[in-house]
Amino acid sequence: MTSETDVRQAFERIAGAAADPDRLRAKVTARIRTHRQRRALLISAGTAVGAAAVGVPAFLWLGREPKTYPVGEGISLPLHVRPTWIPDGTVAHSRAVNHVSPLWESQLFATPGFDSNPQTVVVPGSVGVLIYVEDLSGAQPLGGAPSTDVNGSPAVVASTRESTTSVQWTLADGLIATVSAIAAIDPDARLQMALRVARGLVTDGLTSVAIALRFADMDDPAFTTVEVGGTPDNWRQQLVSPRASATLTSTRPQGGDGEPATIRGRSGTVAAGGQVGHDTGLTTPPQLRVQLDDGRWLWVQAVDLSDTGGRDLVIEIAETMTIGPNPDLSWLGRGV
Amino acid sequence: MTFDEFLAHRLRSLLHFATVVTCDPDLAEDVLQEVLIRAYDRWRRISAVEQPEAYVKRMVVNEYISWRRRSARVVTIDGEALARLVPPEPDPAAATGGGDDLVARIARLTPRQRVVVAMRYYDDRTDAEIAETLGCSEVTVRGHAAKALAALRVDMLAERSVGHDL
């Protein structure tokens, strides 16, 4: 007869066959990094939006990937929507483009000090508006039936958190737009805020996201996401690839120091990764930090924690990547 | 506790729990990955509850059950997965009638039966806590547990009888 002890021991054996937690953490971290804004603000739902496009302008990148435009020594990617109205007191907070499938772009406008991190409580007076455009291959449609319209296109309305209201509609075949208003205000007022931003979007191609960074290997897809955010005095420019992320910042990146190393002729630090926490059993990622001649900081992190050559990888990336002059960042902290 | 801190401290435990519930290391990794992405979205709310880990485990159970419903994936232990669950080296438990056979039988329980016995004997949860996780009554939990334990015992007795007869 099987005893309860036998059952407990059997479960322990099954648990012992679990996958590598480092590998899972790397996957989760990469997904969160890539999609953190959308993950923070969109509802996961299983039903598709049945809205059809009516009377909306065609988008330049519909049906094809956006091109990269070398500017100086960095990268510039066009954003294809631009708001003509944003709530009073809000300013440009960040822009991001993912240029490999699933294609998406985002812009966040917010009051100073606003934090889009979902762990942060939205305080009274704090307002944020996220404009998100994505293709259907990676879309997370809001559930429910259309209850309003955006310039004639049926739109679905949903509240994701107690302080967020989202409006989603089909811009054109295969292209979905979502405007989320985040504010601790009356839900009706929040909906009107989201709708006014949505109805004011234009497609004149005058907005882009540009960074000073470029990986040496521009093939095989060398980068997936470009993001710029912060304020005029405390900004960050980030380039993400499947294997590593490189971030250029105005201030020293947070985190541990690592071993001293000479990187791009400057004194920096490299942490090889692989340190296993006593209580966690998890491995830290290889990463390096170095302050450049002009005072900017470069921070490179490996994505794949199981990459045994992670230390060499981040050094190689830092040494070989192109770092140009800052692009125009004057839009940070400005209105429309 | 931030999400990163939670991940750093509890990921291994959660992965073991998901593996026990699913009896499939690959599926456990997939299920837990989806759960953690959603947990990140809701972390402000989850971190405010008394036991965030218990909350996430509940998400794992629900995701696993709904995953099967969505994909109509029949979670059975194939040869490859079973080989990973049952190491080839000699197992002392086998001498007492446990070990590999018992692991295989646990893997063949229905998902709800396995969730119940896993939460009861691996996670040391009370029937009330299991009932809350599954969204059913304690009576139902005890019913699942009784059937699961009976299946484990009856099946093993049957095989032993066959072996003895041979």
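A, B, ... follow the sequence lines: proteins, then strands. Residue 1 opens every chain. Just so it is clear, the model here is predicted, and its values are computed rather than measured.
- For B:Ile106, the part sitting under 4.5 Å from any heavy atom of chain A is the side chain, from C-beta outward, and nothing else.
- A salt bridge between A:Glu12 and A:Arg8 is absent, with no side-chain N of the basic residue lying under 4.0 Å from a carboxylate O of the acidic one.
- Side-chain contact between A:Val179 and A:Leu130: absent, with no pair of heavy atoms (C-beta onward) separated by less than 4.5 Å.
- Of the two parts of B:Asp123, neither the backbone nor the side chain holds a non-hydrogen atom closer than 4.5 Å to a non-hydrogen atom of chain A.
- One finds no salt bridge joining B:Glu34 and B:Arg38 here, because no Lys/Arg side-chain nitrogen approaches an Asp/Glu carboxylate oxygen to under 4.0 Å.
- Of the atoms belonging to B:Ala118, heavy atoms from both backbone and side chain fall under 4.5 Å from chain A.
- For B:Val117, the parts lying near chain A are the backbone and the side chain together; criterion is any non-hydrogen pair under 4.5 Å.
- A salt bridge links B:Glu29 with A:Lys27: at least one charged nitrogen is closer than 4.0 Å to a carboxylate oxygen.
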